[in-house]
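This report concerns only the one structure given below.
Owing to the predicted nature of the structure, the values given are computational and were not obtained by experimental measurement. Residue numbers start from 1 in every chain, and the chains themselves are labelled A, B, ... in the order their sequence lines are given, proteins ahead of strands.
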Amino acid sequence: MNPDFLKPYDHSQEKEIYTRWEQSGYFSPQKSIGNWKLGTENFSIIMPPPNANGSLHVGHAVMVAIEDVLIRYWRMRGKKTLWLPGADHAGFETQVVFEKKLEKEGTSRFEILQKENGREELYKRIWDFTQENKAHMEHQVRQLGASCDWSKETFTLDKRIIDVVYDTFQQLYADGLVYRGKKAVNWCPKHQTTLSDLEVRYEEREDPLYYVKYGPITLATVRLETKFGDTAIAVHPTDARYKDVIGKEIEVEAIAGKTKIKVIADEHVDSAFGTGAVKVTPAHDADDFAIWLRHKDEIEGPKEIIDAWGRMSLKQYFGKNAEVMKYDGLKIAEARKQIAHDMQEKGLIEKVDEHYKHNVALCYKCGSVLEPRVLAQWFVDLTTSKGQEKIVQPAIDAVKSKQIKIIPEFQEKIFLHWMENIRDWNISRQIVWGIPIPAWFRETKAGAISNFQFPISNENAEIHIGKEKPQGEGWVQETDVFDTWFSSGQWPYATLLAQSGISNFQFPISNEGNRDKNLFDEFYPTSVMETAYDILFFWVARMIMLGLYRTGKVPFETVYLHGLVRDKDKQKMSKSKGNVVDPLGIVEQYGADALRMALIVGNSAGQDVTFAEEKIKGYRNFSNKLWNIARFVLAQNSISNFQFPISSEFSSILSEDKKILERAKGVKQQVGEYIENYRFSQAAEIAYHYVWHEFADKIIEEKKKILQDTNENKEQKESAKIVLYLLLVESLKILHPFMPFVTEAIYQRLPIKNKDSLIIESWE
RNA sequence: GGGCAACUAGCUCAGUUGGUUAGAGCGCUGCAUUCACAUUGCAGAGGUCACAGGUUCGAAUCCUGUGUUGCCCACCA
């Protein structure tokens with residue numbers, strides 16, 4: 001027997017085992033090696049690319065654990081498996097992380113941008129930052145035992161990926177499904193960029209609600225400071241209180257002196273709220289912007305009186321009015337306070353409801369109050385009949401028809417509800433870190449852009465889509481970059497195309513050329529998309545929409561959504577709370593096998609899982625248990641000359657032992673069925689239970705008696721030795737998808753002459 | 001305002017076509033150490049499966065309602 005077995009299982013050998021696996025080439029579906037023949041059926045997973053802006057957390061470990069179970073299982077079942085790893089540049093998220101770093105250094109992105117070539121410098125620095133993180137992350141994924149094909153690792157900023165993304169953008173533009181439009185969008189005054197609707201976090205706040213006198217009308221508002229941007233007062237068309245003033249201009253006594261303002265009727269005004277009258281500030285409120293769009297002919301458009309930094313900017317409209325100009329440059333909150341005070345003194349405020357509760361829109365990253373602004377941005381059309389027909393509906397149909405199966409099923413309802421109420425998707429970001437939007441602008445109205453600033457509205461410029469500067473004079477390049485989800489939303493087909501080396505592709509992708517290298521043709525649609533449920537809309541929905549739009553096929557057949565990992569107090573793990581667990585520390589202490597088991601047992605689809613160190617300890621003990629089972633079984637002499645493959649048709653096995661063997665096969669089949677049905681927790685649990693409490697506690701104990709009893713007959717002893725050995729091999733197979741290291745470590749010490757590696761052993 | 005999920009042993013959670021004594025990890029109690037393993041073994045305590053109705057021969061599981069918690073979505077100023 002191998003002398004290693006005399007000591008407890010030492011998980012520090014995981015690293016060497018991984019290196020051997022990686023070097024063996026078995027992670028790749030590219031070619032058969034030795035006795036190992038690639039299967040004909042495919043099984044593929046595109047790994048959700050972790051953000052290259054920090055370390056992996058235990059959530060990633062859940063992802064790796066589950067996906068590796070699937071991949072290892074199907075590989076042992078003889079399928080040709082592709083698990084493609086990647087890393088995400090994670091645009092805005094990464095820039096936010098990097099800006100925090102800059103803050104610590106006492107500088108900021110804006111300071112760097114002011115320098116000559118500042119943009120390039122900043123980009124370069126973030127690039128280096130992500131490359132460092134990426135390398136660390138890859139190391140972590142390896143430590144967790146992921147049997148993914150590193151030769152096909154893809155970064156979201158790889159040139160070929162960008163090509164695919166550009167091609168899609170061009171296609172969308174050509175189809176009229178992407179447009180540049182001036183709309184009320186979410187603006188983060190700290191980060192100086194717009195955000196999509198999904199990146200807005202709402203929080204209930206208590207603020208004063210001011211009842212303000214606008215001449216004969218009193219109306220309620222929280223945002224007193226926006227009054228300088230008012231262009232109308234709106235009431236419900238059937239509101240009897242205001243029927244005489246609808247359509248008229250009323251005279252208003254205000255801080256600015258006497259002014260006139262128009263009263264309009266709009267169905268969206270709720271007569272029951274406040275006084276039933278609402279001020280209309282198109283530049284600083286999304287609803288008001290919508291009202292203006294409906295009344296364009298009657299009232300003035302957006303009057304921007306708050307700047308990008310969230311300060312009052314009144315010069316343009318009130319430059320000569322000292323009463324008003326004293327607020328100029330104040331932050332919103334301060335301005336509101338002063339204006340309230342001044343108006344109260346002048347008797348312009350009827351009353352104040354000090355404890356009015358309402359939802360405030362915040363930046364999901366920094367918590368700054370988002371300022372609605374009217375800006376020209378790039379949008380994917382998801383609301384017109386064209387956008388609905390070409391992008392939205394196919395995605396809905398694919399899920400409804402079960403062409404894409406979502407696990408757990410209840411997430412389907414959530415998905416469909418979101419899809420059915422989807423809004424246009426703002427894909428422009430005013431940041432440096434990301435894929436530049438390939439567009440050029442040129443002013444069409446002479447002198448319209450004397451004070452040239454992005455963004456430019458459609459009316460003032462013509463647009464050219466493409467990487468290269470078009471012919472002619474006056475073209476200026478777009479500076480916005482894509483929302484990171486616009487590129488990751490294309491991940492399944494983009495990675496497969498990029499790794500296939502297909503350039504100038506056209507959909508549908510042809511089978512021409514080297515079919516072996518055409519991963520797209522081979523593996524698209526992929527089998528499973530496994531990710532956390534919190535990015536169902538951000539990512540999964542976008543992949544389904546863009547995948548169907550671009551390729552005409554679903555990007556994956558099954559979506560498996562795992563829950564979030566919470567700490568033992570059920571708190572969501574986050575850096576700011578300081579409760580983040582580094583998987584590396586756990587792996588070093590207890591081994592990757594133990595961590596993986598702990599994250600899989602008790603983890604059902606879509607349900608959050610709590611992280612408890614005791615649990616990991618328990619499975620570390622199990623690793624050792626298995627090790628000792630092997631130690632005992634291999635210590636029985638005469639087990640030294642098995643040939644591969646191992647057959648159970650030994651004539652010397654007694655019928656009672658054949659039954660035991662059948663039972664093990666039954667467990668194995670059950671484990672397989674559970675895996676195939678995405679019930680990993682049960683699969684792992686019955687495997688665990690069988691090995692420890694049946695094989696070790698019962699069978700070994702019984703056979704031990706037989707083997708140690710000098711009176712028992714020889715056939716019974718021989719049979720016992722063989723069956724114990726076969727059960728050990730079965731146990732290794734059953735557990736391998738869950739605990740790849742310890743099972744491989746034992747397998748490598750089995751007395752099989754022509755053995756290779758457990759990862760390519762046949763499951764059967 | 002709408003929706004989703006959860007409520008099972010002291011704690012954290014499994015339990016998917018309704019079917020015999022409801023499971024796991026940790027914790028707890030007692031016993032065992034020249035025995036493959038103390039990172040162990042054996043034995044055990046501990047559950048009216050949130051509550052109330054209903055369907056059924058039979059319900060943790062299906063239906064209706066209630067309560068509690070968490071989450072998601074939503075242009076009430």
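What separates CG of A:Asp266 from C1' of B:A77 is a distance of 12 Å, to the nearest Å. Rounded to an integer number of Å, the gap from CZ of A:Arg631 to P of B:U39 is 13 Å. Regarding A:Ile66, its CD1 atom lies at a distance of 14 Å from the C1' atom of B:A14, rounded to whole Å. Atom CZ in A:Phe680 sits roughly 20 Å away from atom P in B:C13 (whole-Å rounding). Whole-Å rounding puts the A:Asp207 CG to B:C76 P distance at 16 Å. Here the P atom of nucleotide B:C71 and the CZ atom of A:Phe538 are 16 Å apart, to the nearest Å. We find that CG of A:Leu536 is positioned 14 Å from C1' of B:G3, with the value rounded to whole Å. Taking atom CZ of A:Phe632 as the reference point, atom P of B:C35 lies 12 Å away to the nearest angstrom.
If you look at A:Tyr364 and A:Tyr202, their ring centroids are not closer than 6.0 Å. Taking the six-membered ring for Trp and the full ring otherwise, the centers of A:His358 and A:Tyr356 sit less than 6.0 Å from each other.
Residue A:Arg201 is classed as having no contact, given no heavy-atom separation below 4.0 Å to the nucleic acid. Heavy atoms of A:Gln411 sit nowhere under 4.0 angstrom from any nucleic acid atom. As judged by a 4.0 angstrom heavy-atom cut-off over every strand, A:Asp534 is placed among residues making no nucleic acid contact. Within 4.0 Å (heavy atoms only), A:Ile700 reaches at least one base atom of the nucleic acid. A:Tyr678 comes within contact range of no nucleotide atom at all, as no heavy-atom separation falls under 4.0 Å. In this structure, A:Ile414 reaches the sugar-phosphate backbone alone: every heavy-atom distance under 4.0 Å involves primed, P, OP1 or OP2 atoms, never a base. Across all strands, A:Lys279 comes closer than 4.0 Å to no nucleic acid atom at all (heavy-atom distances). At a threshold of 4.0 angstrom between heavy atoms, the contacts of A:Ala184 with the nucleic acid are absent. At a threshold of 4.0 angstrom between heavy atoms, the contacts of A:Val609 with the nucleic acid are absent.
Nearest nucleotide to the A:Gln708 side chain, out of B:A36, B:A77, B:U39: B:A36. The side chain of A:Arg679 lies closest to B:G15 when the candidates are B:A5, B:G15, B:A77.
When every heavy atom of A:Glu588 is checked against every heavy atom of A:His11, the shortest pair comes out as O-NE2, 2.7 Å.
Side-chain atoms of A:Val58 and A:Val581, non-hydrogen and from C-beta on, do get closer than 4.5 Å to each other. Looking at A:Val374 and A:Phe289, their side chains come closer than 4.5 Å, going by heavy atoms from C-beta outward.
Look at A:Glu203 and A:Arg205 and you find a salt bridge, because one of the NZ, NE, NH1 or NH2 atoms lies within 4.0 Å of a carboxylate O, short of that distance.
Counting atom types as modelled, A:Glu701 pairs a side-chain N or O with a base atom of B:A36 as donor and acceptor under 3.5 Å. Residue side chain A:Lys413 does not reach the base of B:C4 through any donor-acceptor N/O pair under 3.5 Å, judged by distance alone.
Between A:His268 and A:Thr610, the residue whose closest nucleotide on RNA chain B is further toward the 5' end is A:Thr610. The 5' end of RNA chain B is approached more closely, in terms of each residue's nearest nucleotide, by A:Tyr9 than by the other of A:Ala277 and A:Tyr9.
Aromatic ring pairs are classed by plane angle as parallel below 30°, tilted from 30° to 60° and perpendicular above 60°; the pair A:Trp485 and A:Trp539 is tilted.
Phosphate proximity of B:A14 to A:Ser604: present, with a side-chain N or O under 4.0 Å from OP1 or OP2. Side-chain nitrogen and oxygen atoms of A:Trp692 include at least one within less than 4.0 Å of the OP1 or OP2 phosphate oxygen of B:G41. Remark: A:Tyr533 is not in phosphate contact with B:C72, judged by side-chain N or O atoms under 4.0 Å from OP1 or OP2. For A:Lys625 and B:G41, the shortest distance from a side-chain N or O to OP1 or OP2 is below 4.0 Å. In this model, the phosphate group of B:A74 is approached by a side-chain N or O of A:Arg423 to a distance below 4.0 Å at OP1 or OP2.
Considering A:Tyr9, A:Tyr688, A:Tyr690, A:Phe738 as possible partners of A:Phe622, the one that fulfils the ring-ring contact (aromatic ring centres under 6.0 Å, His included) test is A:Tyr688.
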What pairs of nitrogen or oxygen atoms, one from the protein and one from nucleotides 24-27 of chain B, lie under 3.5 Å apart?
unit_1: B:A24; atom_1: O4'; unit_2: A:Glu685; atom_2: OE2; d: 3.3
unit_1: B:G25; atom_1: OP1; unit_2: A:Tyr688; atom_2: OH; d: 3.3

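When Watson-Crick and G-U wobble pairs are counted only if both distances are under 3.5 Å, B:U20 pairs with no nucleotide at all.
With hydrogens and angles disregarded, a donor-acceptor distance shorter than 3.5 Å links the side chain of A:Thr384 to the backbone of A:Gly387.
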